[in-house]
> 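Questions regarding the structure given below will be posed in turn.
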Amino acid sequence: MKRYYFTITSILALAIGITSCSNEETKTQNQIAARPEVPLQNGEVQIGTQIWMTKNLNVSRYRNGDPIPQVISSTQWASLTTGAWCYYEHNTSNGPIYGKLYNWYAVNDTRGLAPAGYHVPSDVEWTTLSTFLDGEAVAGGKMKAIGTIQGGNGLWYSPNLNATNVSGFTGLPVGNCFSNGTFYGIGNYGHFWSSNANAAALAFDRRLTKANASLERNSSPRRYGLSVRCIKD
């Protein structure tokens with residue numbers, strides 16, 4: 001009986017082992033199947049299962065063709081509850097380098113801020129990105145463009161801590177426009193909207209900084225002007 005019991009036990013263990021291996025193989029196959037199969041276009045990078053643009057958004061029209069107002073008056077910006085954009089310090093030369101700064105009302109407009117085939121990433125999609133890059137504490141270093149220069153010119157002020165850009169995201173430090181229409185942070189911060197609102201007239205965003213390697217999760221007033229980095233549908 002003992003020998004028979006051992007044989008049955010061995011057979012069961014073998015069956016369980018085969019099932020376990022089969023489950024792992026299925027899991028791996030599912031992960032592969034979940035990866036985007038479309039070829040990358042110019043200005044795109046695949047990070048995990050996501051495909052991101054490698055530059056900040058720089059459009060002046062919604063997806064349906066309607067214009068997004070450019071606002072250069074601080075007083076007008078401070079009173080907005082509809083979509084608008086500006087260049088950092090209203091300097092047009094910042095556009096080709098950094099893209100435009102949009103308030104969250106433009107992000108949330110039903111006419112669509114992102115070009116066809118893309119969307120503004122959700123809070124969850126930003127978290128998926130940081131998780132793939134080993135967590136919020138280190139993801140930012142893997143996303144920041146390499147190099148420092150006093151005076152900006154598209155690069156980070158020193159120390160640009162732990163910047164490697166191994167992800168290819170190429171995050172640049174454009175800073176932001178505050179709710180009152182004033183500007184702060186060029187060379188120091190890269191600040192990106194998510195598509196998700198938060199309580200008390202706020203919306204979730206992510207921030208890169210010269211001072212550490214993190215990708216910080218924040219909530220900012222919806223009147224802030226922040227960068228937008230699109231993700232493929």
Side-chain angles (χ1 to χ4, degrees), residues 36 38-47 50-74 76-123 125-126 129 143-145 152-154 167-179 181 183-186 189-197 203-208 220-233:
V38 296
L40 293 179
Q41 307 296 316
N42 288 337
E44 295 179 345
V45 63
Q46 182 167 336
I47 308 174
Q50 300 172 319
I51 294 178
W52 292 81
M53 286 185 174
T54 57
K55 290 186 176 181
N56 296 341
L57 195 64
N58 194 27
V59 298
S60 59
R61 292 182 178 272
Y62 292 109
R63 188 183 302 183
N64 74 343
D66 290 348
I68 308 168
Q70 179 184 11
V71 175
I72 59 175
S73 163
S74 297
Q76 184 181 356
W77 186 276
S79 64
L80 287 171
T81 56
T82 55
W85 67 269
C86 63
Y87 293 119
Y88 189 91
E89 293 184 336
H90 307 302
N91 185 343
T92 57
S93 67
N94 284 323
I97 302 171
Y98 298 112
K100 294 177 172 62
L101 299 175
Y102 300 90
N103 63 16
W104 192 78
Y105 301 110
V107 171
N108 194 48
D109 196 288
T110 57
R111 289 170 288 182
L113 179 61
Y118 298 88
H119 61 275
V120 178
S122 68
D123 184 54
E125 286 174 316
W126 278 112
L129 174 64
M143 296 166 61
K144 291 188 293 182
N153 296 327
S167 69
F169 185 88
T170 315
L172 295 177
V174 62
N176 62 269
C177 178
F178 287 125
S179 297
F183 297 89
Y184 178 76
I186 195 167
Y189 302 104
H191 219 154
F192 308 91
W193 281 123
S194 84
S195 61
N196 293 111
F204 289 111
D205 61 81
R206 293 298 189 279
R207 188 175 76 161
L208 302 172
S220 294
R222 299 176 195 181
R223 287 195 178 99
Y224 269 31
L226 305 184
S227 298
V228 170
R229 186 66 69 93
C230 296
I231 186 172
K232 204 155 195 172
D233 295 344

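Just so we're clear, the structure is a prediction, and the values are computed from it rather than from any experiment.
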> Tell me every residue that passes ring-ring contact (aromatic ring centres under 6.0 Å, His included) with Y118, counting only those two or more places apart in sequence or in another chain.
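ring-ring contact (aromatic ring centres under 6.0 Å, His included) list for Y118, sorted by chain: empty.
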> Side chain to side chain donor-acceptor pair (under 3.5 Å) with S195: which residues, sequence neighbours excluded?
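So S195 forms no side chain to side chain donor-acceptor pair (under 3.5 Å) with any residue.
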> Please name all residues satisfying ring-ring contact (aromatic ring centres under 6.0 Å, His included) with Y102, sequence neighbours left out, ordered by chain then number.
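Listed in chain order: nothing, the list is empty.
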> Can any side-chain N or O of T170 pair as donor or acceptor with the backbone N or O of A145 at less than 3.5 Å?
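Judged by distance alone, no pair lies under 3.5 Å.
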> Could you pull out all residues at least two apart from R206 that satisfy side chain to side chain donor-acceptor pair (under 3.5 Å)?
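By the side chain to side chain donor-acceptor pair (under 3.5 Å) rule, R206 matches D123, T127.
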> Judged by atom type as modelled, is there a donor-acceptor pair below 3.5 Å linking the side chain of R229 to the main-chain atoms of K55?
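Here the side-chain-to-backbone pair exists.
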> Output the distance between atom CG (L172) and atom CD1 (I97), rounded to the nearest 0.5 Å.
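Those atoms lie 8.5 Å apart.
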> How long is the straight-line distance from SG of C177 back to CG of L226, given to the nearest 0.5 Å?
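It comes to 9.0 Å.
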> What pairs with W52 under side chain to side chain donor-acceptor pair (under 3.5 Å), at least two apart in sequence or on another chain?
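W52: side chain to side chain donor-acceptor pair (under 3.5 Å) contacts with Q50.
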> Who are the side-chain contact (heavy atoms from CB on, under 4.5 Å) partners of A84, not counting sequence neighbours?
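Testing A84 for side-chain contact (heavy atoms from CB on, under 4.5 Å), a comparison that skips the adjacent residues, returns V71, W77, L80, N103.
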> Checking T81 now: which residues fulfil side-chain contact (heavy atoms from CB on, under 4.5 Å) with it, not counting sequence neighbours?
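T81 satisfies side-chain contact (heavy atoms from CB on, under 4.5 Å) with Y105, R223 once adjacent residues are dropped.
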> I need the full list of salt bridge (Lys or Arg N to Asp or Glu O under 4.0 Å) pairs touching residues 79-95, with sequence neighbours left out, sorted by first then second residue.
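Listed once each, the pairs would be none.
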> Do F169 and K144 have side-chain heavy atoms sitting under 4.5 Å apart?
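Side chain of F169 against side chain of K144, heavy atoms only: no contact under 4.5 Å found.
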> Should Y87 and I72 count as side-chain neighbours, where that means a heavy-atom distance under 4.5 Å?
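Answer no - side chains too far apart.
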> Whether the E125 and H119 side chains hold a donor-acceptor pair (N or O, under 3.5 Å, no angle test) is what I'd like checked.
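Judged by distance alone, the side chains do pair up.
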> Any donor-acceptor pair under 3.5 Å linking the side chain of N196 with the backbone of F204?
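No: the side chain of N196 does not pair with the backbone of F204.
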> Can you confirm whether or not the ring centre of F178 sits under 6.0 Å from the ring centre of Y224?
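Yes; Y224 has its ring centre under 6.0 Å from that of F178.
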> May I have all residue pairs that pass salt bridge (Lys or Arg N to Asp or Glu O under 4.0 Å) and include part of residues 92-111, sequence neighbours excluded?
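Salt bridge (Lys or Arg N to Asp or Glu O under 4.0 Å) check on residues 92-111 returns D66-R111, D109-R111.
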> Measure the CG-CH2 distance between L101 and W193 for me, rounded to the nearest 0.5 Å.
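Output value for this atom pair is 10.5 Å.
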> Could you pull out all residues at least two apart from S179 that satisfy side chain to side chain donor-acceptor pair (under 3.5 Å)?
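Once residues adjacent in sequence are excluded, S179 has no partner under the side chain to side chain donor-acceptor pair (under 3.5 Å) criterion.
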> What residues form a side-chain contact (heavy atoms from CB on, under 4.5 Å) with A78, not counting sequence neighbours?
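If we apply the side-chain contact (heavy atoms from CB on, under 4.5 Å) test to A78, skipping adjacent residues, there are no hits.
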> So, using side-chain contact (heavy atoms from CB on, under 4.5 Å) as the criterion, who are the partners of R207 when residues are at least two apart?
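Y189, H191, E216, N218.
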> Testing the 3.5 Å rule here: is there a donor-acceptor pair between the side chains of D205 and S194?
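There is no such pair (donor and acceptor under 3.5 Å, judged by atom type) between the side chains of D205 and S194.
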